[in-house]
Amino acid sequence: QVQLVESGGGSAQAGGSLRLSCAASGFTASTSCMGWFRQAPGKEREGVATFYGPDGSTYYADSAKGRFTISQDNAKNTVYLRMNNLKPEDSAMYYCAADFGGTSYRRFISCSTLNNANMYWGQGTQVTVSS
């Protein structure tokens, strides 16, 4: 059974930091695309960062570059998102996502384009940043 269990959300002041964790089970993170997406009220879900397991490549939305870092611990089958210099506009529900099916090429495209079409989703964790 596939599961993605997020933790680490919460509240922070602008300029502060948070680290999100996502523990995966039922598939192997090292051969998958895993990542973080977010959705603010009234807005579409958007990609934040992804980690391509086979070669460790990382991909970021422009809004996340220079402030967020995605990493993965294959031994723990867990992906992390370190968020620094948080801004109020980062407030959203953050979802862990994984593409572990199909071909390796499809998983690579999911990661490199932050595409959510083939993603499996966690339940989400709320991040609220106050000014």
Side-chain angles (χ1 to χ4, degrees):
Q1 182 180 359
V2 175
Q3 280 192 311
L4 298 172
V5 180
E6 301 108 329
S7 60
S11 299
Q13 295 282 332
S17 299
L18 287 172
R19 189 179 83 153
L20 307 183
S21 301
C22 173
S25 59
F27 67 95
T28 303
S30 63
T31 61
S32 304
C33 169
M34 291 192 69
W36 293 92
F37 291 71
R38 68 186 182 186
Q39 188 167 20
K43 295 188 176 181
E44 292 188 356
R45 192 170 297 190
E46 62 177 1
V48 177
T50 55
F51 189 103
Y52 185 58
D55 64 9
S57 298
T58 56
Y59 303 90
Y60 295 92
D62 288 343
S63 59
K65 289 178 182 176
R67 300 188 300 125
F68 295 2
T69 303
I70 190 169
S71 60
Q72 185 163 297
D73 185 335
N74 291 332
K76 295 182 178 180
N77 229 36
T78 297
V79 67
Y80 305 94
L81 184 69
R82 177 69 178 183
M83 303 184 291
N84 294 328
N85 192 20
L86 283 162
K87 303 176 181 180
E89 52 263 42
D90 294 319
S91 297
M93 185 71 79
Y94 282 71
Y95 296 91
C96 179
D99 183 0
F100 50 85
T103 65
S104 57
Y105 178 72
R106 191 194 83 180
R107 296 191 293 271
F108 170 74
I109 293 298
S110 290
C111 263
S112 60
T113 63
L114 279 74
N115 187 292
N116 65 11
N118 296 296
M119 292 292 185
Y120 185 93
W121 301 99
Q123 292 298 308
T125 185
Q126 180 68 40
V127 170
T128 303
V129 183
S130 57
S131 58

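Predicted model only: the values in this text are computed from it and were never measured. Positions are given from 1 along the sequence.
- Partners of Pro88 under the side-chain contact (heavy atoms from CB on, under 4.5 Å) rule, at least two apart in sequence or in another chain, are Ala14, Val129, Ser131.
- The line from OG1 of Thr28 to CG of Asn74 is 9.0 Å long, rounded to the nearest 0.5 Å.
- Considering Asn116, Thr50, Asp99 in turn, Asp99 is the only one that fulfils the side-chain hydrogen bond (donor to acceptor under 3.5 Å, both in side chains) rule with Ser110.
- Contacts of Lys43 classified as side chain to side chain donor-acceptor pair (under 3.5 Å), with partners at least two apart in sequence or in another chain: none.
- Atom CG of Leu20 sits about 4.5 Å away from atom CH2 of Trp36, to the nearest 0.5 Å.
- Looking at every heavy atom in both residues, Ala61 comes nearest to Gly47 through CB-O, 3.3 Å.
- Side-chain atoms of Arg107 come within 3.5 Å of backbone N or O of Thr31 as a donor-acceptor pair.
- Atom-to-atom distance recorded for Phe51:CZ and Thr58:OG1 is 7.5 Å, nearest 0.5 angstrom.
- In this structure, the side-chain contact (heavy atoms from CB on, under 4.5 Å) partners of Ala23, at least two apart in sequence or on a different chain, are Thr78.
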request  = Please lay out, stage by stage, how Arg82 and Ser17 fare under the test side-chain contact (heavy atoms from CB on, under 4.5 Å).
outcome  = CA-CA 7 Å; Arg82 177 69 178 183; Ser17 299; 3.6 Å; yes
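- Trp121 contributes atom CH2, which lies 4.5 Å from atom CZ of Phe37 (distance to the nearest 0.5 angstrom).
- Between Arg38 and Glu46 there is a side-chain heavy-atom pair separated by less than 4.5 Å.
- Listed by first then second residue, pairs satisfying disulfide bond (SG atoms under 2.5 Å apart) with a partner in residues 48-115 read Cys22-Cys96, Cys33-Cys111, not counting sequence neighbours.
- The number of heavy-atom neighbours closer than 6.0 Å to CD of Gln39, taken from other residues, nucleotides and ligands shown, is above 12.
- Clustering ILVMFWY residues whenever any of their side-chain heavy atoms sit less than 4.5 angstrom apart, transitively, puts Tyr120 in the very cluster that holds Tyr94.
- Note on ring orientation: taking the six-membered ring where Trp is involved, the planes of Phe27 and Phe100 are parallel (angle under 30°, cut-offs 30° and 60°).
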task = Walk me through it: do Leu114 and Tyr60 pass the test side-chain contact (heavy atoms from CB on, under 4.5 Å)?
result = CA-CA 8 Å; Leu114 279 74; Tyr60 295 92; over 6 Å; no
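- When the side chains of ILVMFWY residues are joined at heavy-atom separations under 4.5 Å, either directly or via intervening members, Val48 and Met93 end up in two distinct hydrophobic clusters.
- Under the 4.5 Å side-chain contact rule for hydrophobic residues, Val127 and Ile70 share a cluster.
- Two residues are said to be in side-chain contact when any heavy atoms from C-beta on lie closer than 4.5 Å; Leu86 and Phe68 meet this criterion.
- The distance from the CG atom of Leu18 to the CG atom of Asp90 is 9.5 Å, given to the nearest 0.5 Å.
- Salt bridge status for Lys65 with Asp62: present, with a side-chain N to carboxylate O gap under 4.0 Å.
- For Ser71, the side-chain contact (heavy atoms from CB on, under 4.5 Å) partners at least two apart in sequence or on another chain are Tyr80.
- A donor-acceptor pair under 3.5 Å links the side-chain atoms of Glu6 to the main chain of Gln123, judged by distance alone.
- In this structure, the side chain of Arg19 does not engage the main chain of Gly8 through any donor-acceptor pair within 3.5 Å.
- Once rounded to the nearest 0.5 Å, the distance linking CE of Met34 with CE of Met119 reads 9.5 Å.
- For Gln3, there are no side chain to side chain donor-acceptor pair (under 3.5 Å) partners, not counting sequence neighbours.
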